[in-house]
Amino acid sequence: MKVKVLTAKELTTLGIGRPTRVYFPENLSELSLLVREGFKPIGGGSNSVVSGETSLISLKGFQRVELKEKEITLGAGVPLRKVLKLQMKRGFLLFEFLAGIPRATVGGLIAQNAGAFNREVKELLKEVTFVTYSGEVKKLTEFKGFSYRESPFPKSGVVVEAKFKIEKEEKEKVKEKIREFVLRRLSKQPPFFLRTAGSTFKNPPEESAGRLLDKCGLRGFSLGDLKFSEKHANFLINEGKGTLKDFQEIVEIGKERVRELFGIELNLEVKIL
Ligand SMILES: Cc1cc2nc3c(=O)[nH]c(=O)nc-3n(C[C@H](O)[C@H](O)[C@H](O)COP(=O)(O)OP(=O)(O)OC[C@H]3O[C@@H](n4cnc5c(N)ncnc54)[C@H](O)[C@@H]3O)c2cc1C
């Protein structure tokens with residue numbers, strides 16, 4: 001099994017954190033050993049920063065793709081980008097509403113119950129196979145533990161693969177939908193080439209974290225090389241050399257201002273691994 005020490009820029013889209021040891025298991029028994037050690041999983045790092053305090057497990061070796069008439073099985077390490085390409089090539093609907101999110105993987109999409117435009121991953125799940133921290137392989141077929149940007153993972157274990165419901169659609173229509181979602185995303189969010197982890201905070205019930213930060217005057221506010229985006233205040237941008245300390249400080253500033261002005265407690269969507 002490969003082991004590498006990787007920088008935060010290699011591991012995450014925001015590029016914040018310390019160099020971290022990453023294990024690359026290639027099969028279930030290697031994965032079980034690592035999970036039993038209590039190491040945390042990392043996917044594309046598109047919603048994460050890395051503390052460097054614990055070793056991580058990359059699921060890159062878990063790339064199964066098995067397409068059937070009404071379902072698809074996807075390994076946890078399969079990138080969203082690859083699924084979208086397959087949707088266009090084979091003509092089916094699945095993750096089109098997530099098109100345009102950079103580097104995300106199937107494992108991360110499930111763990112974060114990723115969603116956009118009033119849809120979320122939970123709705124598509126049929127079965128999740130995961131390894132528990134005692135090394136057992138289990139299957140989940142009921143998804144009550146999933147809610148807005150929440151799932152039982154990685155707390156209950158590491159996702160190995162999952163079955164999703166798919167819907168057949170004409171290839172041209174799939175392409176069109178993906179294009180539409182990317183354009184809708186670009187109209188609201190900072191451009192894809194900037195270093196960001198998407199939404200920094202979860203939206204509080206019936207509210208928008210971006211609107212609250214904006215009302216607190218934090219749109220465009222920066223600390224060191226980290227800045228709340230001018231286009232969408234809930235997106236932190238790393239303009240170069242942002243550090244974990246800057247991240248923790250700017251997040252505290254956001255929380256404090258919103259608490260003082262609105263009495264609302266913001267919770268991080270970004271995970272500190
Ligand atoms: C530009 C941009 C736009 C975004 N837009 C959206 C959006 O519209 N909607 C949305 O929901 N998110 C959005 N995100 C956030 C992010 O893409 C999602 O949360 C995505 O699901 C994270 O996937 P990942 O593989 O990168 O996960 P990572 O960031 O690597 O990990 C995220 C969490 O999942 C856990 N995890 C990863 N793999 C596994 C596994 N195999 N088993 C168990 N746990 C695992 C990690 O331990 C961590 O806690 C955006 C991010 C960016 C950069």
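Values reported hereafter were calculated over all heavy atoms of this structure, with side chains retained and with hydrogens, waters and symmetry mates removed. Predicted model only: the values in this text are computed from it and were never measured. Atoms within a ligand are numbered from 1 in the order they appear, just like the ligands themselves.
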Q | Salt-bridge criterion met for Glu249 and Lys245 (N-O under 4.0 Å) | A | yes

Q. How far is atom 32 (C) of ligand 1 from its nearest protein heavy atom, and which residue and atom is that?
A. Ser48 OG, 3.6 Å

(Q) Pairs of nitrogen or oxygen atoms closer than 3.5 Å, one from Arg103 and one from ligand 1: do any exist? (A) no

Q.
Only heavy atoms of Leu273, strictly under 4.0 Å: list the atoms of ligand 1 that pass.
A. 47 (O), 48 (C), 49 (O)

Q. Nearest non-hydrogen atom to atom 5 (N) of ligand 1 belongs to which of Lys155, Arg185, Lys40?
A. Arg185

Q. Is it true that Glu120 lies under 4.0 Å from ligand 1, counting heavy atoms only?
A. no

(Q) Just to be sure I'm reading this right: ignoring hydrogens, which of Ser46, Pro41, Gly157 gets closest to atom 51 (C) of ligand 1? Compare them by their nearest heavy atoms. (A) Ser46

Q) Can you list the ligand 1 atoms lying under 4.0 Å from a non-hydrogen atom of Leu59? A) 41 (N)

Q) For the residue pair Tyr23 and Phe39, does the interplanar ring angle fall in the parallel (under 30°), tilted (30 to 60°) or perpendicular (over 60°) class? A) parallel

(Q) Using a 6.0 Å distance limit plus a 45 degree cone around the ring axis, check whether Lys255 lies over the aromatic ring of Phe201. (A) no

Q: Could you point out which residue of Glu150, Glu269, Glu207 forms a salt bridge (Lys or Arg N to Asp or Glu O under 4.0 Å) with Lys202?
A: Glu150

Q | Proximal candidate to atom 10 (C) of ligand 1 [heavy atom criterion; set Gly45, Gly115, Gly198, Gly43] | A | Gly115

Q. Taking non-hydrogen atoms only, is Ala104 closer than 4.0 angstrom to ligand 1 via side chain, backbone, both or neither?
A. both

Q: State plainly whether one hydrophobic cluster holds both Val3 and Leu34, where clusters connect Ile, Leu, Val, Met, Phe, Trp and Tyr through side-chain heavy atoms under 4.5 angstrom apart.
A: yes

Q. Of all the non-hydrogen atoms in the protein, which one sits nearest to atom 1 (C) of ligand 1, and at what distance?
A. Pro102 CD, 3.6 Å

**Q.** Ligand-side contact atoms (ligand 1) for residue partner Ala76, heavy atom cut-off under 4.0 Å
**A.** 41 (N)

Q. So, are Asp214 and Arg219 salt-bridged, with charged N and O less than 4.0 Å apart?
A. yes

(Q) To check your reading of the model: name the closest protein heavy atom to atom 53 (C) of ligand 1, its residue, and the distance in Å. (A) Thr196 O, 3.4 Å

Q.
Would you say that more than 12 heavy atoms from the other residues, nucleotides or ligands in this model lie under 6.0 Å from the CZ of Arg179, or not?
A. no

Q) Which ligand 1 atoms are under 4.0 Å away from a heavy-atom of Ala197? A) 51 (C), 52 (C), 53 (C)

Q) Who's the nearest protein heavy-atom neighbour of atom 24 (P) of ligand 1, and how far? A) Gly44 N, 3.5 Å

(Q) For ligand 1, which is the ligand I care about here, please tell me if Lys271 has any N or O atom under 3.5 Å from one of the ligand's N or O atoms. (A) no

**Q.** Minimum heavy-atom distance between Glu96 and Gln87, given as atom pair plus value
**A.** OE1-NE2, 2.9 Å

Q. If you measure from atom 40 (C) of ligand 1 to every heavy atom of Val131, Val159, Ile110, which option wins on shortest distance?
A. Val159

Considering only distance and modelled atom types, tabulate donor-acceptor pairs under 3.5 Å from the side chains of residues 72-83, sequence neighbours left out.
none

Q. For ligand 1, which atoms sit closer than 4.0 Å to a heavy atom of Ala111?
A. 34 (O), 35 (C), 36 (N), 44 (N), 45 (C)

Q) Partners of Ser156 by side chain to side chain contact (heavy atoms under 4.5 Å, CB included), sequence neighbours excluded? A) Phe130, Pro152, Phe153

Q. Among Gly108, Gly100, Pro154, which residue places a heavy atom closest to atom 27 (O) of ligand 1?
A. Gly108

Q: Give the atoms of ligand 1, by number and element, whose distance to some non-hydrogen atom of Asn47 is under 4.0 Å.
A: 15 (C), 16 (C), 19 (O), 29 (O)

Q. Thinking salt bridges, do Arg64 and Glu161 make one under a 4.0 Å N-O criterion?
A. yes

**Q.** Check ion pair Lys175-Glu172 (N to O, under 4.0 angstrom)
**A.** yes

Q.
Under 4.0 Å, heavy-atom basis, I'd like to know which part of Ala116 is in contact with ligand 1: side chain, backbone, both or neither.
A. side chain

Q. Quick one: nearest non-hydrogen protein atom to atom 13 (C) of ligand 1, plus distance?
A. Ile101 CD1, 3.7 Å

(Q) To check your reading of the model: name the closest protein heavy atom to atom 12 (N) of ligand 1, its residue, and the distance in Å. (A) Glu269 OE2, 4.0 Å

Q. Considering only heavy atoms of Leu109, which atoms of ligand 1 have at least one such atom less than 4.0 Å away?
A. 20 (C), 21 (O), 23 (O)

(Q) Give me the residue, atom name and distance of the protein heavy atom closest to atom 25 (O) of ligand 1. (A) Thr105 OG1, 2.7 Å

Q.
So for atom NZ, which belongs to Lys241, do other residues, nucleotides or ligands contribute more than 12 heavy atoms lying within a distance under 6.0 Å?
A. no

Q. When the ring planes of Phe235 and His232 are compared, do they come out parallel, tilted or perpendicular, using 30° and 60° as the limits?
A. tilted

